[in-house]
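Notes follow once the structure below has been shown.
Here is how names work: the chains are called A, B, and so on, in the same order as the sequence lines, proteins then strands, and each is numbered from 1. The structure displayed is predicted, hence computed values, not measured ones.
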2 protein chains.
Amino acid sequence: MEYYRAVFNEFLRARKLKCTGQRDSILDVFLKTERHLTADEIYGLAKKRNPKIGYATVYRTLNLLYEVGLAREVNWGDGKIRYEHKYRHRHHDHLICTKCGKSIEVFDKQLEKIQAKLSREKEFIPTHHQLNIYGVCDKCRKR
Amino acid sequence: MEYYRAVFNEFLRARKLKCTGQRDSILDVFLKTERHLTADEIYGLAKKRNPKIGYATVYRTLNLLYEVGLAREVNWGDGKIRYEHKYRHRHHDHLICTKCGKSIEVFDKQLEKIQAKLSREKEFIPTHHQLNIYGVCDKCRKR
DNA sequence: TCCATTTTGATAATGATTATCATTATCATT
DNA sequence: AATGATAATGATAATCATTATCAAAATGGA
Ligand SMILES: [Mn+2]
Ligand SMILES: [Mn+2]
Ligand SMILES: [Zn+2]
Ligand SMILES: [Zn+2]
């Protein structure tokens, strides 16, 4: 975790941005949680350790984490962006339960290959993608 | 196109809803366009043939078209829902150019199979999915 | 035609995110 | 440690797509 903080600080220095307590708090909260957090959730958690932190700073810092490549933005179509760890985490897709909201992470090499093939066929240069599979999870089905 | 209108009217009757000129106009506009339209675009087109139509009615009618299965909602992560034909149209995914906004429709049977496999492995019952591949289209790359 | 029910459109409300801007904090340089 | 140029912050207003409200109008079966 020290390492990630170093990555962030290096990024700030390179961009002539400043190290601040708020940025530290937000990065900490983000790194300490493995869940997919919304800006609002991160705001709530960061506020605990730094009560006078503002919404705008949370949004601004999350964008920095995105830009430096520490965070990935996830869009599940419910109107809010979620953030998950990206640095040294392999890309994956999500199964999303429409009953309980839980998500399951999945990865398939073949699936990624087919996407590359489809792009190639259309002379399209892919930069990133997002696959959401919506449905009902095991627990919710049995309930 | 008469057929689709019949499907819609049958749905309205079954739900004890009423046939109205506004609903006709909006369905017409939707059926006549093969593009992926936002509510706002449909509002603009419908207003041409029925100038006193309101925004709310457009949103309400699009939800009906979704419920009856004539329309599919598409979310490209830019904050607005788009609508495309669903009835008698095969499911497909999209390559989305981040330069010009154009989309290319693609389909791969193997890709769908792998998704089913991934769901099965997690004991997850999938209902629908959405795959967006973002990147740069042929034209934009050459420009 | 009558009338219960549904629909409509203008507009207010909502909710997530972004913009604004005066005040405060950071940090390289004295 | 003090300075000062620059960046950061937070309260709050603005934005933008979508939804809710509600009085007035339209629909359709009897
Ligand atoms: Mn994830
Ligand atoms: Mn399409
Ligand atoms: Zn569930
Ligand atoms: Zn393009």
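Across every strand in view, dA23(D) sits in a pair with dT8(C) that passes the Watson-Crick or G-U test at under 3.5 angstrom. Across every strand in view, dT30(C) sits in a pair with dA1(D) that passes the Watson-Crick or G-U test at under 3.5 angstrom.
Atom-to-atom, OH of Tyr55(B) to P of dC22(D) comes out at 23 Å; the value is rounded to the nearest Å. Separating the CD1 atom of Ile81(A) from the P atom of dT17(C) is a distance of 5 Å, rounded to the nearest angstrom. The distance between atom NZ of Lys47(A) and atom P of dT9(D), rounded to the nearest whole Å, is 14 Å. Between Arg60(A) atom CZ and dC21(C) atom P the separation is 14 Å, expressed in whole Å. Tyr43(B) has its OH atom 10 Å from the C1' atom of dA10(C), to the nearest Å. Leu12(B) places its CG atom 13 Å from the P atom of dT6(C), with the value rounded to the nearest Å. Atoms CG (Asp40(B)) and C1' (dT15(D)) sit 14 Å apart, rounded to a whole Å. When rounded to the nearest whole Å, the span between CZ of Arg82(A) and P of dA16(C) equals 11 Å.
Look at Gln22(A) and you won't find any side-chain N or O under 4.0 angstrom from OP1 or OP2 of dA8(D). Taking only side-chain nitrogens and oxygens, Thr20(A) never comes nearer than 4.0 Å to OP1 or OP2 of dA7(D). In this structure, Tyr59(A) does not reach the dT18(C) phosphate: none of its side-chain N or O atoms is under 4.0 Å from OP1 or OP2. For the pair Arg15(B) and dT6(C), the criterion of a side-chain N or O lying under 4.0 Å from OP1 or OP2 is not met.
Here the side chain of Gln130(B) pairs a donor or acceptor atom with the backbone of Asn75(B) at under 3.5 angstrom. A donor-acceptor contact shorter than 3.5 Å is absent between the side chain of Tyr43(A) and the backbone of Tyr59(A).
When the options Arg5(B), Arg23(B), Lys48(B) are evaluated for a salt bridge (Lys or Arg N to Asp or Glu O under 4.0 Å) with Asp28(B), the one that passes is Arg5(B). Evaluated for a side chain to side chain donor-acceptor pair (under 3.5 Å) with His36(B), the options Arg72(B), His85(B), Glu105(B) yield exactly one hit, Glu105(B). A side chain to side chain donor-acceptor pair (under 3.5 Å) with His91(A) is found for exactly one of His129(A), Lys86(A), His128(A), namely His129(A).
Comparing dT17(C), dT5(C), dT8(C) by their closest approach to the side chain of Lys18(B) singles out dT5(C). Here the nucleotide nearest the side chain of Thr57(B), chosen from dA17(D), dG9(C), dT7(C), is dG9(C). The side chain of Lys80(A) approaches dT17(C) more closely than any other nucleotide in the set dT17(C), dT18(D), dG10(D). The listed nucleotides are dG10(D), dG9(C), dA17(D); the one nearest the side chain of Ala56(B) is dG9(C). When distances run from any side-chain atom of Ile53(A) to the nucleotides dT8(C), dG10(D), dA8(D), the shortest one goes to dG10(D).
Residue-to-nucleotide proximity on DNA chain C shows that, of Thr61(B) and Asn63(A), the 5′-proximal contact is made by Thr61(B).
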